[in-house]
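Since the structure comes first, as structure tokens, the remarks are kept for the end.
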Amino acid sequence: LVGEKSLANADVDAPCGIWLGPVPNECSPEEVAALVSSRAGTSTVAADVSLTPGRGQAEIHLPQAEVESVRLALDGTTWHGIRLFVLPLAEALAKFSIQRRVRAALKALRGPPKGMRS
């Protein structure tokens, strides 16, 4: 029953938008917004873009109705000589959460670092 409730509320709490990567470190939110606006035909502004320096990814917050069309317009296109990968934001965040948990479990199984071996 608890699992059913969390699944039912997942769509209500899910962030709307897209995850975009890889984004070159020198790019600004304005450049990412211009990319989305020009290639997907939306009115995206820099305030809709979340960039963390050095992570090589961007989160673009969009209305739910635009997410799929923007994803289709941008996924696989080339920008700054790099092929872009685009996922719905809720899906990307769920995948990253699972990856972190798997890495933590594997690290716990491996134990502490062994140090230098000869």
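Sequence positions, counted from 1, serve as the residue numbers for this chain.
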Which donor-acceptor pairs under 3.5 Å do the side chains of residues 51-62 make with protein atoms, sequence neighbours left out?
from	atom 1	to	atom 2	distance (Å)
Q57	OE1	W19	NE1	3.0

Show the atom names and distances, to 0.1 Å, of all donor-acceptor pairs under 3.5 Å that link a side chain in residues 30-38 to residues at least two apart or in another chain.
from	atom 1	to	atom 2	distance (Å)
E30	OE1	S28	OG	3.3
E31	OE1	S28	N	3.0
S37	OG	A33	O	3.0
S37	OG	T42	O	3.1
S37	OG	T44	N	3.2
S37	OG	T44	O	3.1
S38	OG	A34	O	3.0
S38	OG	L35	O	3.2

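A heavy-atom distance below 4.5 Å is found between the side chains of V23 and W79. Using a 4.5 Å heavy-atom threshold, the side chains of T77 and R83 count as separate.
When every heavy atom of Q64 is checked against every heavy atom of C16, the shortest pair comes out as OE1-SG, 3.1 Å.
In the hydrophobic clustering of ILVMFWY residues, with side-chain heavy atoms under 4.5 Å counting as a link, L72 and F85 come out apart. Cluster annotation: V67 and V86 are assigned to the same hydrophobic cluster (Ile/Leu/Val/Met/Phe/Trp/Tyr, side-chain heavy-atom contacts under 4.5 Å, transitive).
Checked by atom type and distance alone, the side chain of D48 pairs as donor or acceptor with a backbone atom of V45 at under 3.5 Å.
Atom CD1 of residue I18 and atom CD of residue E68 lie 10.5 Å apart, to the nearest 0.5 angstrom. Here the straight-line distance linking atom CG of L87 with atom CZ of F96 works out to 7.0 Å at 0.5 Å rounding.
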- Message: Between L84 and L20, is the side-chain contact (heavy atoms from CB on, under 4.5 Å) condition met? List the steps.
- Response: CA-CA 7 Å; L84 294 175; L20 175 74; 3.9 Å; yes
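Within the structure, the side-chain hydrogen bond (donor to acceptor under 3.5 Å, both in side chains) test picks out the following pairs touching residues 101-110 (sequence neighbours left out): S97-R101.
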